[in-house]
K.L.:
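Right, I'll just put the structure down here and ask away after.
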2 protein chains.
Amino acid sequence: MSLRAVKPQHETRTRILDAAEELFMLHGFEGTSMRLLTSRAGVNLAAVNYHFGSKDALIEALFRRRLDPMNAARIAELERIETEAKGRTLVPEEIIRAFVGQSLRLIEDTKSGGRSFIRLLGRTYTEPAKAIRALIGQLYAPTMERYKAALERALPHMPREELVWRMHFMFGTLSYTLAATDAVQLIAGCKPEDRYDARLLEDRLTAFLAAGLNAPLKTSVRKAA
Amino acid sequence: MSLRAVKPQHETRTRILDAAEELFMLHGFEGTSMRLLTSRAGVNLAAVNYHFGSKDALIEALFRRRLDPMNAARIAELERIETEAKGRTLVPEEIIRAFVGQSLRLIEDTKSGGRSFIRLLGRTYTEPAKAIRALIGQLYAPTMERYKAALERALPHMPREELVWRMHFMFGTLSYTLAATDAVQLIAGCKPEDRYDARLLEDRLTAFLAAGLNAPLKTSVRKAA
DNA sequence: GTCTATATCATGATAGAC
DNA sequence: GTCTATCATGATATAGAC
């Protein structure tokens, strides 16, 4: 009873953000109405506009709340393994693991809603609304630059254009894996409790991506143009 | 002038489907209103309900129009290379190329709207609306079963669970690549006209996926549970 | 088959009392 | 900060003339 009785300062904001993560993941942005959102959050209909200004501003706040620390953690992790290597050149697999690990570990976080967000995030990379894609791209840009530079050092002989494509593929695999965690059942039966073991998934995904990134370079394109 | 004057039997249906592909890709399903859709198609507001029954039925018709022949082509292509091999076991790369090739070749088809559809399709694998995901899964099921069986023959020593995961990763990479064709610019500058060369993309993607699928199996999970 | 006109409802946002 | 009541808009769907 004391659980609901006390209301800390910004609890309303937090309740709205938490409910939004879950509902946007389930029904999409356009498919989630303010009425459903506020009633799920247990707050008044007008609260979203009071606290955030508009639905769009709520979406932006939602992404910033999670992405800013996640990307900071990704950069910190990369710097950590770089200093730990003491001058040795990193292998691509180490870099990939640093990148994907930060997303995947949130999957295990069901308590604070991290999993909802991470699934929403995967879904949103292909979001049609231009404003949302632009926001995501902007929040990601520094991290992507940092990792691209690291991979260029790890793969000095790979043509830059090929590396960009392979990073694109890797990003896609991660996004889809995060978003479509229930689609595995389409391919074959898995015990649901296994599907979210982040450590196991991290190993599987890292092995797959590292092999793809290191795929042999064709000496030439299949047929000269 | 004769171009618009004559109206073949089912031209209205086709005009609606073509406009829907483009608009759903740009704004999503919920973000595309019937008013925008019918005015873009140059037909009356009531035409969608007359010809399809409802917006949802239109979406279903849209997917069936493209997916049924595409998946039939995928199965036919697999059977073609299997008979052509005359008993030799196919390598995974041949199977992968057969699968991704059918999607990618539609990218070059700007004339009849194939590219719009293929981008829409990639976006829709992570669509939150359960009914749409269920429809897609149902339309894909026979193809996936067929390719899974082919890959099991090509990789007899791979544990079935690992293969399912790697197929999941491959499917994700393809989906994202199809959906987010403009996201490459986030990573680095590419000349836009290069980005849609389907043959080049097919080579790049197939090399990446084949390497990932063939990634060495860890002798054990990183740490025993 | 195609159109106009409209019914019915849900949406995001706001005004103003408390 | 929170509430109720409401506005203006735009949604899907349909009825009925042509």
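Since this is a predicted model, take the numbers as computed values, not measurements. All chains are named by letter (A, B, ...) in the order of the sequence lines, taking the proteins before the strands, and each is independently numbered beginning at 1.
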K.L.:
Check every atom of dG12(C), dA13(D), dT2(D) against the side chain of Met34(B) and return the nucleotide holding the closest atom.
P.N.:
dA13(D)
K.L.:
When you get a sec, tell me which of dA13(D), dG12(C), dT2(C) is the closest nucleotide to the side chain of Leu45(B)?
P.N.:
dA13(D)
K.L.:
Mind checking whether Phe99(B) and Tyr140(B) have parallel, tilted or perpendicular rings, split at 30° and 60°?
P.N.:
tilted
K.L.:
Among dT2(D), dA5(D), dG12(C), which nucleotide has an atom closest to any side-chain atom of His51(A)?
P.N.:
dT2(D)
K.L.:
Is a side-chain donor or acceptor of Arg74(A) paired with a backbone partner of Tyr147(A) at a separation under 3.5 angstrom?
P.N.:
no
K.L.:
What's Thr32(A) touching, base or sugar-phosphate or nothing? Going by heavy atoms closer than 4.0 Å.
P.N.:
sugar-phosphate
K.L.:
Can you tell me which nucleotide in dA13(D), dT2(D), dA13(C) comes closest to the side chain of Ser54(B)?
P.N.:
dA13(D)
K.L.:
Does Arg97(B) come within less than 4.0 Å of Glu94(B), counting only side-chain N to carboxylate O?
P.N.:
no
K.L.:
For Leu58(B) and dA13(D), what is the distance between atoms CG and P respectively, to the nearest whole Å?
P.N.:
10 Å
K.L.:
As a test of reading the structure: which of dG1(D), dC3(C), dG1(C) is closest to the side chain of Asn44(B), going by heavy atoms?
P.N.:
dC3(C)
K.L.:
Please determine if Asp18(B) and Arg40(B) form a salt bridge, counting it only when a charged side-chain N lies under 4.0 Å from a carboxylate O.
P.N.:
no
K.L.:
For Glu11(A) and dG1(D), what is the distance between atoms CD and P respectively, to the nearest whole Å?
P.N.:
13 Å
K.L.:
Examine the base of dA11(D) for any acceptor or donor lying under 3.5 Å from a partner atom in the side chain of Arg35(B), and report the outcome as yes or no.
P.N.:
yes
K.L.:
Among dT4(C), dC3(D), dG12(C), which is the nearest nucleotide to the side chain of Ala46(A)?
P.N.:
dC3(D)
K.L.:
In whole angstroms, how far is the C1' atom of dG10(D) from the CD atom of Glu30(A)?
P.N.:
12 Å
K.L.:
Counting only N and O atoms by type, is there a donor-acceptor contact under 3.5 Å from the side chain of Thr124(A) to the main-chain atoms of Glu127(A)?
P.N.:
no
K.L.:
Expressed as a whole number of angstroms, how long is the span from Ile59(B):CD1 to dT12(D):C1'?
P.N.:
12 Å
K.L.:
Round to a whole Å and report the spacing from NZ of Lys55(B) to P of dT12(D).
P.N.:
4 Å
K.L.:
Check the distance between dA11(D)'s C1' and Asp56(B)'s CG and give it to me in whole angstrom.
P.N.:
13 Å
K.L.:
Taking the minimum atom-to-atom distance to the side chain of Ser33(B), which one of dA13(C), dT12(D), dG1(C) wins?
P.N.:
dT12(D)
K.L.:
Rounded to whole angstrom units, what separation is found between the CG atom of Leu37(B) and the P atom of dA13(D)?
P.N.:
12 Å
K.L.:
Rounding to a whole Å, what distance do you find between Ile16(B):CD1 and dG1(C):P?
P.N.:
12 Å
K.L.:
Does OP1 or OP2 of dA13(D) have a side-chain N or O of Asn49(B) closer than 4.0 Å?
P.N.:
yes
